[in-house]
Amino acid sequence: MTGTRPSAVERDGSTSTPAELIDIAVLKQSLEGRELPGASITIEPYQSVLADYALEADADDSGDAHPLWGLVLSLRGMGITVVELCALAAQRPQDVLLFGNCEVIQHRPLRVGATIDVTASIESVSRKETRHGGHLDFVTVRTAFHDKDDSLAGPVGEVANGFIFKRGA
């Protein structure tokens, strides 16, 4: 048949037509600058000890959480799950989510036992065509952390996570 798209084979053996790729201008308009719900998270002492153990970090009695907590807070603190982020980015069944890059800025240590208010927003969206004619969509989510007990001192830190959506045919 001329003019019809070939069907894809699903995991269960059935066939379906692949979903259309969302226009990048539509994706940018719906996502760029979008504020996410954010969250308020307490770094519990037992969680800090478990993280230190898992990271094989040296024993530390300073009361400061390991710097990796910035990444943990950035993912937990978006206020949505990664699956929900995928839905916002119009991920199709044939698309693959990749973790692209991560920029961590820590202004001062995170304190164990502190309650951290996390704000989050989608900073940028872009598309690149690959050498093979495929598409990569880049979605950057920026989070900022504020110690609830020390809110006048500005953010404790920030993380920008780059999510890459490798768009299938």
Side-chain angles (χ1 to χ4, degrees), residues 21-22 24 27-60 62-92 94-132 134-148 150-151 153-168:
L21 179 64
I22 188 169
I24 188 62
L27 191 60
K28 286 173 74 85
Q29 184 177 13
S30 69
L31 294 183
E32 279 189 348
R34 183 180 188 142
E35 297 292 323
L36 299 177
S40 186
I41 300 169
T42 300
I43 302 174
E44 299 292 349
Y46 78 92
Q47 292 173 327
S48 179
V49 169
L50 288 172
D52 288 349
Y53 178 77
L55 296 167
E56 298 182 2
D58 292 332
D60 181 5
S62 68
D64 296 338
H66 191 281
L68 188 65
W69 272 95
L71 180 59
V72 173
L73 291 172
S74 72
L75 294 171
R76 285 187 187 173
M78 288 190 298
I80 61 172
T81 66
V82 173
V83 171
E84 291 168 320
L85 178 65
C86 290
L88 289 175
Q91 182 182 25
R92 307 167 302 166
Q94 65 265 36
D95 297 340
V96 176
L97 173 63
L98 304 168
F99 191 71
N101 61 345
C102 181
E103 175 188 21
V104 179
I105 301 167
Q106 188 167 346
H107 302 293
R108 56 187 194 283
L110 290 160
R111 295 179 304 110
V112 175
T115 298
I116 307 298
D117 288 331
V118 184
T119 58
S121 63
I122 299 176
E123 187 172 71
S124 63
V125 177
S126 62
R127 177 170 287 161
K128 177 182 173 185
E129 188 170 339
T130 68
R131 289 182 285 196
H132 305 292
H135 295 92
L136 299 173
D137 287 351
F138 299 89
V139 176
T140 301
V141 176
R142 181 168 295 277
T143 53
F145 318 121
H146 302 270
D147 187 326
K148 203 170 208 150
D150 194 13
S151 60
V156 176
E158 304 168 51
V159 172
N161 285 317
F163 298 91
I164 302 171
F165 293 87
K166 182 179 178 186
R167 303 299 189 172

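Note that the structure is a prediction, hence the values are computed from the model and not measured.
To the nearest 0.5 Å, atoms OG (Ser40) and CD1 (Ile116) are separated by 8.5 Å. We find the OG1-CD distance between Thr140 and Glu103 to be 9.5 Å, quoted to the nearest 0.5 Å. We find the CE-CZ distance between Met78 and Arg142 to be 14.5 Å, quoted to the nearest 0.5 Å. Separating the CD1 atom in Ile80 from the CG atom in Leu85 is a distance of 5.0 Å, to the nearest 0.5 Å. Distance check: Thr81 OG1 to Leu75 CG gives 11.0 Å after rounding to the nearest 0.5 Å. The line from CD of Gln47 to CG of Asp52 is 12.0 Å long, rounded to the nearest 0.5 Å.
In this structure, the side chain of Arg108 engages the main chain of Pro155 through a donor-acceptor pair within 3.5 Å. Listed for the Ser48 side chain is no donor-acceptor partner under 3.5 Å among the backbone atoms of Pro45. Counting only distance, with no hydrogens or angles, the side chain of Lys28 and the backbone of Val125 share a donor-acceptor pair below 3.5 Å. Checked by atom type and distance alone, the side chain of Asn101 pairs as donor or acceptor with a backbone atom of Gly162 at under 3.5 Å. Formation of a donor-acceptor pair under 3.5 Å by the His132 side chain with backbone atoms of Gly134 is not found in this model.
For the residue pair Val118 and Gly77, the shortest heavy atom distance occurs at CG1-O, 3.5 Å. What you find for His66 and Ala57 is that their closest heavy atoms are CD2-CB, 3.8 Å. The two atoms that bring Ala89 and Leu31 nearest to each other are CA-CD1, 4.0 Å, heavy atoms only. Of all non-hydrogen atoms in Ser126 and Ile24, the two that sit nearest each other are C-CD1, 4.0 Å. Ala114 and Asp147 make their closest contact through CB-OD2, 3.8 Å (heavy atoms, listed as atom of the first residue, atom of the second, distance). The heavy-atom pair separating Ile164 from Gly100 by the smallest distance is CD1-CA, 3.6 Å.
Side-chain contact between Ser124 and Glu32 is present, with at least one heavy-atom pair separated by less than 4.5 Å. By the 4.5 Å heavy-atom criterion applied to side chains, His107 and Phe145 are not counted as neighbours. With contacts defined as side-chain heavy-atom distances shorter than 4.5 Å, the pair Leu71/Cys102 qualifies. Within the 4.5 Å cutoff, side-chain heavy atoms of Lys166 are placed close to those of Leu136. The shortest distance between side-chain heavy atoms of Leu73 and Val159 does not fall below 4.5 Å. Two residues are said to be in side-chain contact when any heavy atoms from C-beta on lie closer than 4.5 Å; Leu36 and Leu88 meet this criterion.
The ring-ring contact (aromatic ring centres under 6.0 Å, His included) check on Phe99 picks up Phe163, with sequence neighbours excluded. Contacts of Asp95 classified as salt bridge (Lys or Arg N to Asp or Glu O under 4.0 Å), with partners at least two apart in sequence or in another chain: Arg92, Arg167.
The number of heavy atoms from other shown groups lying within 6.0 Å of CD (Gln29) does not exceed 12.
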